[in-house]
Amino acid sequence: MSFFKTFLNSPVGPKTTHFWGPVANWGFVAAAMADIEKPPEMLSGNMTGVMCVYSALCMRFAWMVQPRNYLLLVCHASNETVQLYQLSRWARGQGYLQLKEDKTPSP
């Protein structure tokens, strides 16, 4: 019981935004995971790029804020991973990541 009481009253416990902010941000990760089944043509390159930058900035914030918010850090690291995957799917779908063909004539 003392562990629960300590967690409840801690600076990153459920009485603070240090807890509920990351819990709400897991929705971004869930949405990106749900979009994995969608065809790449339906993805927005602009929005996915913005989400990558957003998660990178929030990871830095989570590391620098005192007390360190490890829950927020893990949440945004997960979101960054999924968003980078989605961005690579979008880029392949748009033809940005195709291999260039060798145009030198063979002898």
Side-chain angles (χ1 to χ4, degrees):
M1 191 65 157
S2 66
F3 170 77
F4 179 72
K5 195 172 193 174
T6 303
F7 172 67
L8 188 65
N9 295 319
S10 75
V12 293
K15 291 182 178 179
T16 67
T17 58
H18 282 276
F19 179 80
W20 290 109
V23 168
N25 276 318
W26 278 103
F28 291 133
V29 180
M33 295 289 286
D35 286 349
I36 287 176
E37 299 297 320
K38 289 184 179 177
E41 298 81 32
M42 292 188 69
L43 299 174
S44 168
N46 290 339
M47 190 64 200
T48 305
V50 166
M51 290 302 291
C52 289
V53 171
Y54 163 77
S55 285
L57 291 173
C58 285
M59 280 191 294
R60 184 186 183 287
F61 170 79
W63 185 256
M64 299 302 288
V65 71
Q66 292 298 323
R68 285 199 172 136
N69 195 336
Y70 296 111
L71 184 58
L72 186 64
L73 181 67
V74 169
C75 171
H76 283 293
S78 300
N79 190 36
E80 183 75 17
T81 303
V82 176
Q83 294 296 339
L84 286 172
Y85 173 69
Q86 294 289 49
L87 191 61
S88 72
R89 286 183 60 227
W90 174 82
R92 273 194 305 271
Q94 297 294 318
Y96 292 121
L97 297 179
Q98 294 177 352
L99 295 175
K100 294 183 180 180
E101 295 180 21
D102 188 15
K103 297 189 181 197
T104 57
S106 57

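Residues E80 and M51 share a closest heavy-atom pair of OE1-O, 4.4 Å. Here the shortest heavy-atom pairing between R89 and P39 reads NH2-C, 3.8 Å.
Under the 4.5 Å side-chain heavy-atom criterion for ILVMFWY residues, no single connected hydrophobic cluster contains both M47 and M42. Residues M59 and L57 fall into different hydrophobic clusters, defined by Ile, Leu, Val, Met, Phe, Trp and Tyr side chains chained together at heavy-atom separations under 4.5 Å.
To the nearest 0.5 angstrom, M33 atom CE is 4.5 Å from I36 atom CD1. Note that CG of L73 is 11.0 Å distant from OG of S55, once rounded to the nearest 0.5 Å.
R68 CZ: more than 12 foreign heavy atoms inside a 6.0 Å radius. Around atom CD of Q66, more than 12 heavy atoms belonging to other residues, nucleotides or ligands sit under 6.0 Å away.
Between Y96 and W90, the ring planes are tilted. Angles from 30° to 60° get that label.
With hydrogens and angles disregarded, no donor-acceptor distance shorter than 3.5 Å links the side chain of Q86 to the backbone of T48. Listed for the S88 side chain is a donor-acceptor partner under 3.5 Å among the backbone atoms of Y85.
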With a cut-off of 3.5 Å and sequence neighbours excluded, list every side-chain donor-acceptor pair involving residues 21-30.
from	atom 1	to	atom 2	distance (Å)
N25	OD1	Y54	OH	3.3
N25	ND2	G21	O	3.3

